[in-house]
Amino acid sequence: MPHATELIAIIALGLVLAFVCGMLAQRLRLPPLVGYLLAGVLVGPYTPGFVGNSQLAGQLAEIGVILLMFGVGLHFSIKDLMAVRTIALPGAIVQIVAATVMGGALALAWGWGLGAGLVFGLALSVASTVVLLRALEERQLLDSDKGRIAVGWLIVEDLAMVLALVLLPALAPSLGGDGAGAAHHAGDGNLWLTLGLTLAKVGIFTAVMLVGGRRFVPWLLDQAARTGSRELFTLAVLALALGIAFGSAELFGVSFALGAFFAGMVLAESDLSHQAAADSLPLQDAFAVLFFVSVGMLFDPGILIREPLSVLAVLGVILVGKSLAAVAIVLVFRHPLGTALTIAASLAQIGEFSFILVSLGLSLKLLPEEGRDLILGGAILSITLNPLFFALTDWVGRKVAERPHLAARFERKGADALAVAIESPPHRGHAIIVGYGRVGSTIGNALKAWDLPYVVLDRDRRRVLDLRRDGIEAVFGDATAPGILQAADIAQAKLIVVATPEAHTTRRIVELAREAYPGIDTLVRTHNDAERRHFEEQGVGLVLMAERELAFGMTLYALRSLGLKEGEARIFVDSTRVESRSAPVEAEIDHGAPELRPHKGEAGEG
């Protein structure tokens with residue numbers, strides 16, 4: 001295949017095969033990610049047929065990790081991160097040490113050296129960002145205390161692996177590896193100098209992001225939002241996520257994932273974070289799929305036949321050893337058993353950092369190629385089994401809860417609740433007005449006159465800022481995008497008014513509103529009878545057609561002008577409005593000018 005088409009081929013075949021295998025896995029009641037991994041195996045070098053470029057696939061997968069961590073940062077404020085530091089920091093460190101010791105013990109039992117054992121153990125200690133976040137999102141745990149602890153734990157692991165990646169080249173000669181190139185990675189090879197430089201770089205990066213980034217990132221995105229261009233806003237989101245991730249890696253030596261996480265976290269303090277998350281979600285999902293495909297491409301299925309006991313031992317460390325260590329640590333810090341089980345299941349897999357460590361270990365001649373195959377085998381199997389492991393921990397939690405005397409032993413009352421700051425109290429019984437043009441603003445003014453609570457949703461950034469200056473609560477964003485209606489507390493709202501004219505947009509907003517709160521009252525506008533009939537069949541509270549309401553208003557005036565009494569005219573218009581709602585759609589077809597009703601004075605003439 002020509003070199004120029006390799007990128008297109010890996011994207012096209014990767015996504016097509018991932019879709020086919022994902023659908024097959026779904027039909028077999030397996031998680032779709034099992035299908036994505038199988039797709040990678042099919043285009044990998046260890047199976048017949050087309051062989052994809054694994055280096056290109058790995059870089060595409062890294063984009064998925066960047067966008068995913070950026071999205072996590074958007075939902076994980078700095079205050080949230082500080083709230084879990086008392087459990088995430090010591091917990092992650094202790095678990096890394098425990099997993100490294102277990103992995104190193106296996107390596108020494110197989111006759112490998114100390115350096116191989118260190119790399120092997122570290123690779124087994126760090127969980128996959130993609131898998132962990134996907135698992136928490138699917139179970140709607142990302143914004144819970146459990147999810148915040150797990151993500152904070154993961155961030156500490158990432159920081160530890162950054163240090164390991166920098167220090168390993170300096171340590172390689174003393175660990176029996178190849179010292180060539182160590183100076184390139186670590187200055188003059190001085191371990192303490194290398195450690196000091198690494199900590200200094202991470203500290204400078206953190207300071208730059210928390211001080212300068214907190215001002216620059218929201219400001220830049222606000223400038224893009226003010227243009228009113230959806231494309232420029234989406235481009236700004238992607239440019240910030242990818243640009244900061246790349247710059248942080250090049251300038252400060254931190255991982256792409258960590259740089260993207262900080263970019264999202266400083267943006268989370270802006271009201272633009274909800275729309276930024278929604279705009280990056282489609283690309284995030286697509287590239288996350290390519291991550292699983294790239295992992296599958298590296299896997300040699302033959303290792304399962306050649307070294308089945310070794311693979312099981314590796315899997316035991318990942319699933320059992322790490323999980324028991326996590327449960328013990330969380331319980332020691334006096335958190336509930338449910339939290340301990342969730343964190344254990346979240347971390348019972350390995351992923352992208354493990355592969356980076358393996359590549360470095362091979363280049364430094366610390367790790368044998370057999371170690372790479374075993375780690376990849378453990379990664380594939382642990383990722384595949386992770387959903388089942390979550391189900392197992394849920395079952396254990398239910399069984400313990402069914403036995404009060406046993407549950408009492410695991411009850412923990414010493415842990416402080418996570419102090420997660422809430423920017424403002426949630427609304428209750430309010431109205432949400434989507435679109436604040438001539439129609440929406442008229443409704444809003446009426447609600448304001450009667451002192452009734454409402455929140456405005458609008459994609460016009462300037463309009464949103466003007467409303468806020470006037471003391472009106474307003475959210476910037478597309479109401480059809482994930483998370484935007486939730487930003488207006490849709491689950492607590494009493495009424496949603498969709499004042500936008502686009503029919504397909506209105507349909508989607510109504511669907512999302514009812515998914516969030518099935519009992520919500522709805523008021524929509526439309527411009528054709530077919531859409532009106534659709535909404536009425538769906539049980540929408542009130543559907544108004546602009547042209548028809550205009551006609552009824554003009555009819556009322558005409559009847560009054562020609563001598564009918566106010567009451568008679570209103571009764572006639574109201575009855576006509578009711579009849580029009582039950583009329584067939586075909587009645588909306590224009591047949592020319594309507595036939596005029598004869599005036600009383602003209603009756604009987606001619």
Query raised in the report: Roughly how far, to the nearest 0.5 Å, is CD1 of Ile303 from CD1 of Ile375?
Result: 11.0 Å
Report task. Output the distance between atom CD (Gln59) and atom CD1 (Ile10), rounded to the nearest 0.5 Å. Result -> 11.5 Å
Report summary line: Rounding to 0.5 Å, atoms OG1 (Thr47) and CZ (Phe299) come to a distance of 11.5 Å
Report task. Would you check if the side chain of Asn386 reaches a backbone N or O of Ser346 as a donor-acceptor pair within less than 3.5 Å? Result -> no
Requested in this report: Hey, can you tell me if Phe262 and Phe205 have their rings parallel, tilted or perpendicular (30° and 60° cut-offs)?
Outcome: perpendicular
Report task. Of all the heavy-atom pairs spanning Gly22 and Tyr36, show the shortest one and how long it is. Result -> CA-CE2, 4.1 Å
**Report entry** Leu385 side chain reached by Leu315 side chain, heavy atoms, under 4.5 Å
**Finding:** yes
Query raised in the report: Can you name the nearest heavy-atom pair linking Ala150 to Leu136, along with the distance?
Result: CB-CD1, 4.0 Å
Query raised in the report: Can any side-chain N or O of Lys322 pair as donor or acceptor with the backbone N or O of Leu347 at less than 3.5 Å?
Result: yes
Query raised in the report: More than 12 non-hydrogen atoms from neighbouring residues, nucleotides or ligands closer than 6.0 Å to CD on Glu369, yes or no?
Result: no
Report summary line: Residues Ala325 and Ala98: closest non-hydrogen pair is CB-CB, 4.2 Å
Requested in this report: Please collect all salt bridge (Lys or Arg N to Asp or Glu O under 4.0 Å) contacts where either partner lies in residues 293-302, sequence neighbours excluded, each pair once.
Outcome: Asp300-Arg306
Query - Separation of Ile343 CD1 from Leu154 CG (nearest 0.5 Å) - result: 11.5 Å
Query raised in the report: Below 4.5 Å, heavy atoms only, C-beta onward: do Arg398 and Asp394 meet side chain to side chain?
Result: yes
Query raised in the report: Just wondering, do Thr393 and Ser323 contact through their side chains at under 4.5 Å, heavy atoms?
Result: no
Query raised in the report: Judged by atom type as modelled, is there a donor-acceptor pair below 3.5 Å linking the side chain of Glu157 to the main-chain atoms of Ile96?
Result: no
Query raised in the report: Is any side-chain heavy atom of Phe70 closer than 4.5 Å to a side-chain heavy atom of Phe261?
Result: no
Query raised in the report: With a 4.5 Å limit on heavy-atom distance, are the side chains of Met161 and Ser125 in contact?
Result: yes
Requested in this report: Please lay out, stage by stage, how Phe333 and Thr339 fare under the test side-chain contact (heavy atoms from CB on, under 4.5 Å).
Outcome: CA-CA 11 Å; Phe333 281 86; Thr339 300; over 6 Å; no
Query - Nearest heavy-atom neighbours spanning Ala164 and Leu122 - result: CB-CD1, 4.1 Å
Report task. Quick one: which residue pairs count as a ring pair (Phe, Tyr, Trp, His ring centres under 6.0 Å) with a foot in residues 86-141, not counting sequence neighbours? Result -> Trp110-Trp112, Trp110-Phe120, Trp112-Phe120
**Report entry** For Leu357 against Val119, the heavy-atom pair lying closest together
**Finding:** O-CG1, 3.7 Å
Report summary line: Rounding to 0.5 Å, atoms CD1 (Ile87) and CD1 (Ile329) come to a distance of 7.5 Å
**Report entry** Heavy-atom side-chain contact between Leu374 and Val311 under 4.5 Å
**Finding:** yes
Requested in this report: Let me see the working for Leu67 and Ile63 under side-chain contact (heavy atoms from CB on, under 4.5 Å), right down to the final yes or no.
Outcome: CA-CA 6 Å; Leu67 294 176; Ile63 295 176; 4.1 Å; yes
Query raised in the report: Between Ser280 and Ala277, is there a donor-acceptor pair closer than 3.5 Å when you use the side chain of the first and the backbone of the second?
Result: yes
Report summary line: d(Leu141 CG, Ile149 CD1) to nearest 0.5 Å is 11.5 Å
Query raised in the report: So, for Ala348 and Leu319, which heavy atoms are closest and what is the spacing to 0.1 Å?
Result: O-CD2, 3.4 Å
Requested in this report: Dump the intermediate steps for side-chain contact (heavy atoms from CB on, under 4.5 Å) on Ile204 and Leu251, then the final yes or no.
Outcome: CA-CA 10 Å; Ile204 294 172; Leu251 298 177; over 6 Å; no
Query raised in the report: Does Ser294 use its side chain to pair, donor to acceptor, with the backbone of Phe291 at less than 3.5 Å?
Result: yes
Report task. Could you give me the CA-CA distance, side-chain angles and deciding distance for Leu124 and Ile350, then say whether side-chain contact (heavy atoms from CB on, under 4.5 Å) is met? Result -> CA-CA 6 Å; Leu124 296 182; Ile350 59 175; 4.0 Å; yes
Query raised in the report: How about Val34 and Leu38: do any of their side-chain heavy atoms sit closer than 4.5 Å?
Result: no
Report task. Answer yes or no: is there a side-chain heavy-atom contact under 4.5 Å between Thr384 and Ile380? Result -> yes
Requested in this report: Return yes when atom CZ of Phe19 has more than 12 non-hydrogen atoms of other residues, nucleotides or ligands closer than 6.0 Å, and no otherwise.
Outcome: no
